[in-house]
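What follows is one structure encoded as structure tokens, with my remarks underneath.
Residue numbers begin at 1 in each chain, while the letters A, B, ... track the order of the sequences.
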There are 2 protein chains.
Amino acid sequence: MSSTPYAQTPVAPLRGTLFIGGERVTGEGAALRSRDPRTGVELDPPYRAAGPAEVARACRLAEDAFDAYRATGPEERARFLERIADHLTGAGAELVARAHLETALPEARLTGEVGRTTGQLRLFAQVLREGGAHGVRIDPALPDRSPLPRPDLRQRRIPLGPVAVFGASNFPLAFSVLGGDTAAALAAGCPVVVKAHEAHLGTSELAANAVRAAVEECGLPDGVFSLLVGEGPLVGRQLVTDPHIQAVGFTGSRTAGLAVTRAAQERPRPVPVYAEMSSVNPVVLLPGALAERAEGLAESFVASLTLGAGQFCTNPGLIVAVAGDDLDAFTGAAARAVAGHAGATMLTPGIAAAYGRDVDAVAGRPGVTVLARGTAPESASPCQAALLTVDGDVFRADPELQREMFGAAGLVVRCRDLAHVAAVLRALDGQLTATVHSADADLEAARELLPLLERRVGRVLFNGWPTGVEVGHAMVHGGPYPATSDSRTTSVGSLAVDRFLRPVAYQDVPAELLPAPVRDDNPYEVPRLVNGTLETGS
Amino acid sequence: MSSTPYAQTPVAPLRGTLFIGGERVTGEGAALRSRDPRTGVELDPPYRAAGPAEVARACRLAEDAFDAYRATGPEERARFLERIADHLTGAGAELVARAHLETALPEARLTGEVGRTTGQLRLFAQVLREGGAHGVRIDPALPDRSPLPRPDLRQRRIPLGPVAVFGASNFPLAFSVLGGDTAAALAAGCPVVVKAHEAHLGTSELAANAVRAAVEECGLPDGVFSLLVGEGPLVGRQLVTDPHIQAVGFTGSRTAGLAVTRAAQERPRPVPVYAEMSSVNPVVLLPGALAERAEGLAESFVASLTLGAGQFCTNPGLIVAVAGDDLDAFTGAAARAVAGHAGATMLTPGIAAAYGRDVDAVAGRPGVTVLARGTAPESASPCQAALLTVDGDVFRADPELQREMFGAAGLVVRCRDLAHVAAVLRALDGQLTATVHSADADLEAARELLPLLERRVGRVLFNGWPTGVEVGHAMVHGGPYPATSDSRTTSVGSLAVDRFLRPVAYQDVPAELLPAPVRDDNPYEVPRLVNGTLETGS
């Protein structure tokens with residue numbers, strides 16, 4: 001996407017260290033460096049990976065910090081999240097410059113991502129003040145009930161314990177060191193140990209500076225946050241299997257996500273893993289919409305497909321529509337736009353190589369036609385946009401065609417009629433999103449598809465493109481396997497706090513000992529379900 | 001427990017069939033029979049196990065029924081649950097008689113269990129009418145927001161799909177064919193395929209009659225409910241791995257629970273498993289309580305320990321206390337009560353044999369002393385109560401001493417002081433419950449223990465015994481591994497409906513297509529989080 005020369009903005013001095021609790025530590029492992037994805041040249045400083053003792057120490061410190069941290073009240077914890085956001089904002093220019101250097105993502109996009117990341121932290125502060133996440137339920141005692149009295153029963157949710165977070169490559173801020181998983185875990189009351197993504201180590205250090213400053217200002221225990229650097233099979237695996245870690249948040253490839261999930265399941269005491277892995281995000285173009293605006297749809301489709309070199313979990317990689325003149329008008333216009341696309345630099349040379357292999361693999365399947373390729377850019381990490389097409393029956397019969405091509409590549413599936421469209425959609429694996437483009441005339445067709453789509457995805461959207469993921473209370477960024485390892489949750493939006501909580505009941509616990517959220521006087525003014533009836537907190 | 005001669009109440013004619021959807025089917029597999037646990041004699045009728053085609057058909061029918069069933073409104077679904085409860089109540093005498101024959105549990109207890117089971121179904125009807133389980137969140141569109149407008153986003157929860165439920169042996173009604181998992185799944189909108197427990201096949205058929213009658217009366221699709229019979233490694237495994245099954249509820253042994261969990265994880269598309277497995281339910285006797293009422297505690301302890309031959313998931317199998325005269329008074333009185341216990345018949349000869357082996361194994365560990373054994377009853381499934389003791393340091397060093405002895409056996413752990421008590425508790429695996437007996441003088445000690453206990457359990461209770469599990473909104477019957485496979489949930493109480501739901505977001509979906517719970521006019525009057533602020537539904 002970026003054709004600007006890379007930023008000359010001065011960046012803060014990077015020290016190439018891990019953070020083990022409050023301490024900056026030079027790792028005992030091998031040195032890693034991020035690369036400039038445009039040139040492939042290694043960047044300073046080197047970061048030596050954490051050794052086994054360092055990983056263990058970060059996890060032990062997190063456990064040591066857990067009880068004190070979870071005992072903080074909602075206001076104290078909310079202010080902590082807001083202070084992190086303040087420090088991130090303060091470091092915004094440096095973060096953008098360094099992230100641009102490490103990811104080649106455009107500075108405007110990265111500036112927006114700083115705002116998204118701080119907004120996310122502030123959203124969880126709001127969640128803490130609202131209090132619904134405590135999940136309070138009270139069934140008061142019924143001493144005169146017959147044949148047996150009912151005890152006093154109160155329920156709230158407590159945090160699971162220390163959480164391991166794996167930074168994602170494609171959102172160096174919003175899904176990385178201080179991304180949604182970290183914000184949700186800290187909001188829940190869980191200390192966090194992050195494994196930085198090796199593609200943006202400097203950005204990770206800068207983000208860690210922000211959280212460390214906030215930890216100190218707020219007088220929280222050091223172990224609330226640590227940042228590790230290292231390879232997935234070594235440091236990542238040790239982190240997931242450390243006995244102190246009680247949950248894992250991951251965003252990345254299916255291969256890595258499944259490895260993390262398996263490692264967590266094979267522990268002597270398994271822990272939940274929230275892995276967001278892969279999705280092709282089907283888009284249905286209904287006949288009325290195609291008849292009305294085929295060329296406009298093609299234009300907005302290619303803009304969404306190629307945004308950020310297509311490196312979005314919600315990139316619209318699959319178009320499903322009834323064949324005919326209107327679809328031909330769409331594919332013709334989309335092919336022209338793709339062919340005219342100048343290409344872009346991807347996040348890493350490795351991601352670019354995988355993209356190229358995936359496009360070649362799909363293009364090489366029987367029945368697949370390449371409609372257009374964009375220009376191959378001069379870059380060490382080139383993304384050459386691609387548009388392919390295949391018949392619906394071929395698609396249904398060949399699971400390889402559901403492969404995610406992480407990058408700016410789309411596959412148009414041509415169907416005979418709407419029943420064929422539905423059959424294609426039924427053959428799909430779980431997805432993060434499904435999109436429908438419709439006109440007034442399509443209302444009944446859309447009504448039939450909606451139950452089918454909602455079963456396969458975490459978000460259904462109409463007449464838009466899935467690449468914008470709003471951070472709010474009602475967002476779901478999740479979906480059935482293999483989109484994620486756990487469809488019962490979201491990795492974007494305030495519901496994500498649920499990932500790191502579990503319910504506990506208190507039976508006949510003396511009033512003096514009851515935790516604040518379940519006390520009769522409701523000091524945090526949290527919503528409560530009392531005898532099955534909901535009472536708002538204030 | 002039962003010394004009454006076994007019931008002669010006439011039971012309904014049993015037909016020895018499976019239910020595949022609406023059809024009574026004689027299985028294609030080998031014949032299974034329940035036994036009278038007192039005599040070991042096989043009972044009529046034989047039930048032929050489901051063959052592979054029958055398992056697959058039940059699952060396919062469940063999938064076929066899913067969309068129509070989940071489209072039912074809350075009132076319709078609530079009435080369905082209530083009609084099941086009505087039919088169960090109507091069959092109460094027959095259910096009790098047959099269950100008594102198959103389990104040897106006392107008729108009074110089984111009569112109570114019918115009430116618990118129907119109460120559970122009615123509780124979920126209440127949950128449906130209250131509407132919070134829809135999980136509705138609405139972030140209305142902000143078309144004028146800068147730099148980008150906010151889309152209209154609405155969130156609700158939808159059911160996961162067909163659910164497999166494994167009946168438990170120890171609650172032939174409340175945790176079996178129509179137990180908590182089935183009630184919660186049906187409430188969530190999920191069709192259910194049950195594998196009956198082979199120890200009470202006739203009771204299972206009678207319960208299935210009740211649900212089949214309700215399905216027909218309510219005009220629901222046949223596949224909403226099926227009942228299978230068969231061995232775990234064959235029918236159970238096929239059920240868990242059937243591609244239509246989207247979640248599994250299980251209550252039973254750790255070995256079987258882990259096998260079910262592994263099978264679900266190894267599927268091409270893994271699904272969540274809620275397995276409740278094993279717990280020793282630690283009870284802390286604080287010094288003030290022991291000084292005040294050692295003998296009374298001993299009496300109520302042994303009553304709870306031996307209730308139902310100790311066959312409760314929440315049986316108090318572990319006593320932790322500071323050694324001294326008061327503890328000696330407790331153990332002395334408890335030993336006398338155990339020694340005087342007449343014994344009881346367990347649920348099956350196999351369970352009795354396993355109990356005997358487990359008690360021998362724990363008794364044979366270094367440092368363990370047997371304080372008392374009860375009388376061995378004349379029975380094919382004898383439970384001979386047992387009380388053992390061990391020093392706290394030995395306990396901490398030997399994980400084998402945390403083994404669940406499913407039955408009426410307790411282990412008293414003697415500690416030097418309160419710090420030693422805390423160290424013993426810290427060494428414990430995850431548990432369903434922890435109990436504290438305290439007096440006024442123990443308040444500070446209890447305050448220190450509470451955070452430690454709540455991290456290890458699903459329910460903390462004071463000055464009672466854990467064997468009564470109230471069915472209500474605030475109950476948690478769950479806890480960290482290995483008590484269950486998923487601590488984020490409960491198997492008793494209304495929160496259990498969450499097990500079978502997942503969130504979906506609707507972005508800019510036309511108003512005419514929005515599902516009822518997220519429509520502006522809120523026809524179900526459900527609570528909603530609007531822009532982050534909670535609104536009750538009415």
Legend entry - Taking every non-hydrogen atom, the tightest pair across B/Val504 and A/Val457: CG2-O, 3.9 Å
Go through the atoms of [X] and report whether side chain, backbone, both or neither lie under 4.5 Å from a heavy atom of chain A.
| X | value |
| --- | --- |
| B/Leu529 | side chain |
| B/Arg447 | both |
| B/Val136 | neither |
| B/Pro147 | neither |
| B/Leu148 | neither |
| B/Pro482 | neither |
| B/Leu123 | neither |

Between [options], which shows the greatest number of heavy-atom pairs under 4.5 Å with chain B?
| options | value |
| --- | --- |
| A/Gln126, A/Met475, A/Gln246, A/Arg262 | A/Met475 |
| A/Gln265, A/Arg150, A/Arg499 | A/Gln265 |
| A/Leu153, A/Asp498, A/Val530 | A/Leu153 |
| A/His477, A/Glu535, A/Arg156 | A/Arg156 |
| A/Gly478, A/Pro159, A/Pro480 | A/Pro480 |
| A/Val518, A/Val460, A/Asp508, A/Val436 | A/Val460 |

Contact between [X] and [Y] at the side-chain level, heavy atoms closer than 4.5 Å - yes or no?
| X | Y | answer |
| --- | --- | --- |
| A/Leu534 | B/Leu534 | yes |
| A/Pro272 | B/Asp486 | no |
| A/Leu495 | B/Pro503 | yes |
| A/Thr536 | B/Thr536 | yes |
| A/Arg455 | B/Phe66 | yes |
| B/Pro151 | A/Leu461 | no |
| A/Leu513 | B/Phe462 | yes |
| B/Glu130 | A/Thr533 | no |

Electrostatic pair [X]:[Y] at N-O distance under 4.0 angstrom:
| X | Y | answer |
| --- | --- | --- |
| A/Arg269 | B/Asp429 | yes |
| B/Glu454 | A/Arg502 | no |
| A/Glu470 | B/Arg145 | yes |

Legend entry - side chain to side chain donor-acceptor pair (under 3.5 Å) evaluation trace for A/Ser494 with B/Arg137: CA-CA 10 Å; A/Ser494 64; B/Arg137 296 168 161 231; 3.0 Å; yes
Legend entry - Toward chain B, the part of A/Val271 with a non-hydrogen atom under 4.5 Å: neither
Legend entry - Check: A/His473 main-chain N/O paired with B/Asp139 side-chain donor or acceptor under 3.5 Å: yes
Inset, instruction - Check whether any side-chain N or O of A/Gln155 sits under 3.5 Å from a backbone N or O of B/Ala474 as a donor-acceptor pair, and report yes or no. - result: yes
Legend entry - Atom CD of A/Glu266: over 12 foreign heavy atoms under 6.0 Å: yes
